[in-house]
Each structure stands twice: as C-alpha cells, then as structure tokens.
Number of protein chains: 2
Amino acid sequence: MASREISQAVIRRLPRYYRYLGELLESGVERISSNELSKRMKVTASQIRQDLNNFGGFGQQGYGYNVKYLYTEIGKILGLNEKHKFVIIGAGNLGQALANYAAFENRGFVLKGLFDVNPRLAGLTIRGVEIRMMDELKDFVKENDIEIGVLTIPKTKAVEVANLLVDNGVKAIWNFAHTDLNLPDNIIVENVHLSESLMRLSYNITRYNEEHEGK
Amino acid sequence: MASREISQAVIRRLPRYYRYLGELLESGVERISSNELSKRMKVTASQIRQDLNNFGGFGQQGYGYNVKYLYTEIGKILGLNEKHKFVIIGAGNLGQALANYAAFENRGFVLKGLFDVNPRLAGLTIRGVEIRMMDELKDFVKENDIEIGVLTIPKTKAVEVANLLVDNGVKAIWNFAHTDLNLPDNIIVENVHLSESLMRLSYNITRYNEEHEGK
DNA sequence: TAGATTGTTAATCGATTAACAATC
DNA sequence: TAGATTGTTAATCGATTAACAATC
C-alpha cells in the first residue's frame, strides 16, 4: 500500500473530513455524496473526490460514500488506530490543559509522563500521571521508549530540550514553543504557534476595520 | 493606503517574518538582505521580496532591509499597535493558560473578563481579572464593548455561545472548540483546532513508520 | 563609480476546479 | 434499464520561483 507523495494541502484537510464524517456518523447518516458533503463543509465536491482518491477509491458510482466505512478508512490513514507513547515537557497551565485533554486517547496517544522545573509540582499527578523533574527526563524517555514529546515550555529552553529528546529516541515533537526547532529531517515536527494565530486574527480585524470605518 | 486583496498564504507567513525580525533586532542586527533572511528562515529570497512588496517597498537596493524599520512596519500591518478588548469563555485549564499568556499584551489584546459555568470558579481572579458566571456574559459584552471572544469551551456549547457573542457586538472569535462556527461573513474567525494538529502529527508519524519499517 | 540588492515582470510549478466517460 | 455519482483527465487558476533592469 505504498504511496505517491501526498501534498501538504491534502493532509491539512484530512482531519477536517474525519471530523465531519464523525458527526454524520453520530447523527445516523449512512451514506453521503461528495456533493452533499461539499455543501456542509463549504469546499468543492471536486476537491473532496480528488483528495480522497489520493488514498484509494472509497466511493461507489451512483451511491456516494458509505459514512462509516469512509470514517474508518480515513482514521486508518491518519494512523489513529496505532498507539503512541508521549510525554509533556512543561506542566504549567498549557501542559496541564493538554494532559487533561481527552482527544489524546481517542487518537491513540498515551501520556506516560509530565516534566517541569518547578519543584512545587514534583510528585503531583494529573489523570494518574506523575509530574517529574527535568533531571529525570533523559532516562525516562530512554527507558520507556517514548515516541513523542510535547513542548509547552518557554522558547528559551525549547531547542535544548528538543535536542535532548531526539538524542534519546523521540521521533516526533508537538511544539507549542514560539520558536522553530531545526531538528534533523527524519524528526517529525508539528508546530502550534498560538502567537502567530493571534497575529493573524489581529491582522484580519485591522484590515476589516480599515475597510469599513473609512480611512 | 487601500489594498489589493492579499492572499491567505502571504498572511500566514507574516507573523513568522515578524518573529524572525524580532529575534534579529534583539541580537543587535541592524540590516538584513532577503538572501540572508531566506537562509535563516528556509524560504526563498524571492518569496520574501514578493511577500513584503504586497505592502510596500520596505527595502533599499544595494542595502537590504533595515531590521528595526521592517519589524515596526510589519507590526503595524498586523495591527499590533491597536488595542482590542476580549473575554475568554471557558475558564478551565486552557482558558486559564490563555489568560496567563503574556503574548496577549504585547499584541495589544486586553483581557476584560473570564466566564465559566462552574460555580466553584466564581469570583476567583486570574491576573486581576475576575471569573464570572455565564449568565452575566451577555450584559458584560454589551456594556464593555468587547471586540473579541476566545472560546475554550466544549464544541456542544460553542456555536450557541458564539452566536450570543456576535449578537451582542463581538467582531471576532478565536475558536479553540472542535467545530466550525458558521458565523456571518463580516465576523472574523481564527480557528485553533488542536485535535486536527494532533491528527496531522499522527499521520506523519504513521507515514514515516510505513516507509522505514518495511511494509 | 562599481557592487549589491531591491522591486517587479515573466516563467514555472502545483493545486483547484470543471467536465465527462465509466459504472454502480 | 435509467439515474446518480464516482474516479479521473483536462483546463484553469493562483502561488512560487527565476530573472533582470532599476537604483541605492
């Protein structure tokens, strides 16, 4: 089941298809045409069919797509049936928010540890997972075969910690620090730069105000 | 200073330029060529010049770009010099994380209130801002001219609350709920769908594993 | 002035949309 | 079978990259 290169644009849309199909499934819809889905999602039917056909023919002429089947298949493509052990570095508000975040489990992500520099947090547990101090990080990652590190620490520390994780076997980083990590090509990085999201919001408000309040 | 339509691709890159220029400024770099910046940011010099020239000619032939000037100008384009009053709906871990989030202030965002359904949070303050109950939301938004609502509530409530906010004068939503809001066209929505980010991470890990561990 | 580097036009590349034959 | 809708090829559109004349 090897694959041509799939464009990032397609990959970015995949989780959104998955979400909509999940909602359809919940509301008991059995089948859907690309045309009907296109209306709900506000994308073209053509794009839906093109996107899906990167991965195989999931539909049937004259019928459309079976919602449950398509949902399951996209789940497989996204790898949601596989288990991934991860740790969170930085047990502040954001780190704790993520630790409590139920979506992890549905997606196959298993939280193994939380780490922080603040000694007052040492030994506390969140959802049964202990907060440990940073000096334990290296050994913990190695011994527990941790695959993913979630970075919710200030940018000043992020690069250093990311390198430590990678040196000890971590394969992927979910990066919430406001910096680029510049890791080796074989390391997968998914950035969540909230500050950039906020600036886009600011840009759009500003542009809207300029257009509508004269000037 | 009106404007042709700027593409979303350009807008998405703008905050990243701003971040890199801020770092250059901090490290005392006075001027930079598109070529040098392109090496640091790993984009083409051509793209940098094209992007910036959507907004004006900020450089000088034979010299490059003055870092401080360009930083300031991009800040203006992003509207970071303007003040925006906002409230956070949902004072759980994520809402509290955002309330404590310093970047807001640097970007001109002023937190006016936090709202939640949990009565045990009532009256608590975060950074001097009180947590209020949801039944006060409507009047509060109206009376305080709130411009932006940040939604850190479950998706089941998000659409309803978003509509309430918009009906009472809110112009923009920073949406962390896992759903699309379908608001009127004149309302600005910036989505942060963490669950989709996580699925992209999952996809990339899975694809990488498939390629490298046989199969 | 000569060298460097921009701003901008032209060429290329990739992604989206349209169209339609295949087929359930 | 006739109607519906896919899968896929072709056409269009937009974004990125290359090239270079303008100019500091």
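In this text, all values refer to a predicted model and were calculated from it rather than measured experimentally. What's counted below: heavy atoms across the whole structure, side chains too, no hydrogens, waters or symmetry copies. Chain letters run A, B, ... following the sequence lines, proteins first and then strands; every chain starts at 1.
Taking every heavy atom of residues 44-52 of chain A and every atom of DNA chain C, pairs under 4.0 Å involve A:T44, A:S46, A:Q47, A:R49, A:Q50, by number. In the region residues 26-40 of chain A, proximity to DNA chain C at under 4.0 angstrom, judged on heavy atoms, holds for none of the residues. The stretch residues 58-77 of chain A touches DNA chain C through A:Q60, A:Q61, A:G62, each having a heavy atom under 4.0 angstrom from the strand.
Distance check: B:I187 CD1 to B:L181 CG gives 11.0 Å after rounding to the nearest 0.5 Å. Rounded to the nearest 0.5 angstrom, B:D145 CG and B:K171 NZ are separated by 9.0 Å.
When DNA chain D is scanned in the 5' to 3' direction for atoms under 4.0 Å from non-hydrogen atoms of chain B, the outermost contacting nucleotides are D:dA15 to D:dC24.
Side-chain contact annotation: B:S34 with B:R49, donor-acceptor N/O pair under 3.5 Å present. A donor-acceptor contact closer than 3.5 angstrom is absent between the side chains of A:N93 and B:N93.
Put simply, the side chain of B:T152 gets close to the backbone of B:I89: a donor and an acceptor are under 3.5 Å apart. Proximity of a side-chain donor or acceptor of A:S202 to a complementary backbone N or O of B:L78 within less than 3.5 Å is detected. Judged by distance alone, with hydrogens and angles left aside, the side-chain atoms of A:R107 form no donor-acceptor pair with the main-chain N or O of B:S195 at under 3.5 Å. Between the B:N54 side chain and the B:D51 main chain, a donor and an acceptor come within less than 3.5 Å of each other. Between the side chain of A:K85 and the main chain of A:N144, a donor-acceptor pair closer than 3.5 Å is present.
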Report summary line: Output field dot_bracket for DNA chain C (Watson-Crick or G-U, both distances under 3.5 Å, | for other-strand pairs) contains ..||||||||||||||||||||||
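In this structure, the side chains of B:L94 and A:L98 stay at 4.5 Å or more apart for every pair of heavy atoms.
A perpendicular orientation is assigned to the rings of A:W174 and A:F176, their planes being inclined by more than 60° (bins at 30° and 60°).
Of all heavy-atom pairs between A:Q47 and A:Y17, the closest is O-OH, 3.9 Å. Between A:V29 and A:R31, the closest heavy-atom pair is CG1-O, 3.4 Å.
Among pairs with a residue in residues 84-103 of chain A, those fulfilling ring pair (Phe, Tyr, Trp, His ring centres under 6.0 Å) read A:H84-A:F109, A:F86-A:F104, A:Y101-A:F104, A:Y101-B:H178, at least two apart in sequence or across chains.
When each of B:R16, B:K42, B:R40 is checked for a side chain to side chain donor-acceptor pair (under 3.5 Å) with A:D180, only B:R16 meets the rule.
When the nearest nucleotides of DNA chain C are assigned to A:V10 and B:G56 by heavy-atom distance, the more 5′-ward of the two goes with B:G56.
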